[in-house]
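Residue numbers run from 1 in the order of the sequence given.
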Amino acid sequence: MTESERASWWNSIGGLLTGFAAVITAIGALIGALHVVGVIGGTGAAAPSQDATGPGAGAISPPAGSPSRTSTGKVPVAPSVDGASGQGLLTISSITSADLESGIVGFGVPGQDFMVMPGGRTFGLNGTPMGTYFSTIGSDPRKEACVEALTTNRLGDFDIDADSLGRWWCVRTNEGHTGAITVKTVSVEAPRELVLGYVLWR
């Protein structure tokens with residue numbers, strides 16, 4: 001076997017291995033993308049339950065992999081909030097999105113208002129891509145105070161850390177409704193968890 005024959009044989013094996021690796025990578029990326037959007041491994045959003053206290057009260061246990069909702073219904077998030085059309089809790093432990101109108105969290109939730117991204121010692125909230133924005137406000141917010149705060153001070157994103165417990169932020173949802181969120185629980189150590197209380201006015 002000549003030196004040129006030996007070189008071309010190794011070059012073709014290297015080319016074949018590179019091509020095979022590219023195909024495997026593409027298939028893995030496709031499977032991962034299909035899983036993230038819910039085509040593989042669970043589909044559908046959780047439907048709110050109905051009970052004696054009204055729509056959406058009570059906890060819901062959705063199938064694994066689907067958006068989930070935890071609503072308080074019977075125990076208001078902020079007892080003195082008047083005229084609220086919805087209140088509840090959103091429990092978050094990984095990268096997810098949330099919709100305040102439906103009270104649902106999950107990846108790719110229809111009508112999502114903001115994304116929550118755990119990282120380091122914080123949970124980042126980002127509403128900019130969805131057209132949602134936030135504003136800080138004192139405790140026990142009212143709709144009128146939130147409307148005013150959202151016209152003067154707009155945040156597209158912010159971070160929540162251990163010092164954020166009990167703080168309130170007003171929210172203008174991408175549907176144009178006014179709401180408020182508060183940090184009920186935050187754990188930046190494993191297992192990471194963020195529980196947001198929310199109030200929504202329509």
**Student:** Can you give the donor-acceptor pairs under 3.5 Å from side chains of residues 123-130 to other protein atoms, not counting sequence neighbours?
**Tutor:**
| residue | atom | partner | partner atom | Å |
| --- | --- | --- | --- | --- |
| Asn126 | OD1 | Thr128 | N | 2.9 |
| Asn126 | OD1 | Thr128 | OG1 | 3.4 |
| Thr128 | OG1 | Gly156 | O | 3.4 |

**Student:** Let me confirm one number: the NZ-OG1 distance from Lys184 to Thr91, rounded to the nearest 0.5 Å.
**Tutor:** 12.0 Å
**Student:** Rounded to the nearest 0.5 Å, what's the gap from OG on Ser97 to CD1 on Ile92? Could you check?
**Tutor:** 9.0 Å
**Student:** Less than 4.5 Å apart, any side-chain heavy atom of Thr173 and any of Glu101?
**Tutor:** yes
**Student:** With side-chain contact (heavy atoms from CB on, under 4.5 Å) as the criterion, how do Phe114 and Asp157 come out once you've worked through the C-alpha distance, each side chain's angles and the decisive distance to 0.1 Å?
**Tutor:** CA-CA 9 Å; Phe114 54 89; Asp157 56 49; over 6 Å; no
**Student:** Is there a donor-acceptor pair under 3.5 Å between the side chain of Ser85 and the backbone N or O of Leu200?
**Tutor:** yes
**Student:** Nearest 0.5 angstrom please: Ile181 CD1 to Arg167 CZ, how far?
**Tutor:** 10.5 Å
**Student:** Using only atom types and a distance under 3.5 Å, with no angle test, would you say the side chain of Asp113 pairs donor to acceptor with the backbone of Asn174?
**Tutor:** yes
**Student:** With heavy-atom distances below 4.5 Å as the criterion, would you say the side chains of Arg172 and Val147 are in contact?
**Tutor:** yes
**Student:** Any heavy-atom pair between the side chains of Trp169 and Val183 that's under 4.5 Å?
**Tutor:** yes
**Student:** Within this structure, what is the CG-CD1 distance for the pair Asn153 and Ile137, rounded to the nearest 0.5 Å?
**Tutor:** 10.0 Å
**Student:** Parallel, tilted or perpendicular: which fits the ring planes of Phe158 and Phe134, with parallel below 30° and perpendicular above 60°?
**Tutor:** perpendicular
**Student:** Within the side chain of Thr96, is there an N or O that forms a donor-acceptor pair under 3.5 Å with the backbone of Val116?
**Tutor:** no
**Student:** Can you check whether Asp159's main-chain N or O pairs, donor with acceptor, with Thr122's side chain at less than 3.5 Å?
**Tutor:** no
**Student:** Measuring only between side-chain heavy atoms, which start at C-beta, is Asp99 closer than 4.5 Å to Glu175?
**Tutor:** yes
**Student:** Heavy-atom distance under 4.5 Å between the side chains of Trp168 and Val199, does that happen here?
**Tutor:** yes
**Student:** Can you check whether Asp161 reaches Val188 side chain to side chain, under 4.5 Å on heavy atoms?
**Tutor:** no
**Student:** Quick one: CD on Gln112 to OG1 on Thr132, what's the gap to the nearest 0.5 Å?
**Tutor:** 9.0 Å
**Student:** What's the separation between atom CE in Met117 and atom OG in Ser94, rounded to the nearest 0.5 Å?
**Tutor:** 12.0 Å
**Student:** Would you mind reporting whether Val105 and Leu196 have side-chain heavy atoms less than 4.5 Å apart?
**Tutor:** no
**Student:** Looking at every non-hydrogen atom in both residues, tell me the closest pair between Tyr133 and Leu150 and how far apart they are.
**Tutor:** CE1-O, 3.6 Å
**Student:** Can you name the nearest heavy-atom pair linking Ser135 to Ala149, along with the distance?
**Tutor:** OG-O, 3.2 Å
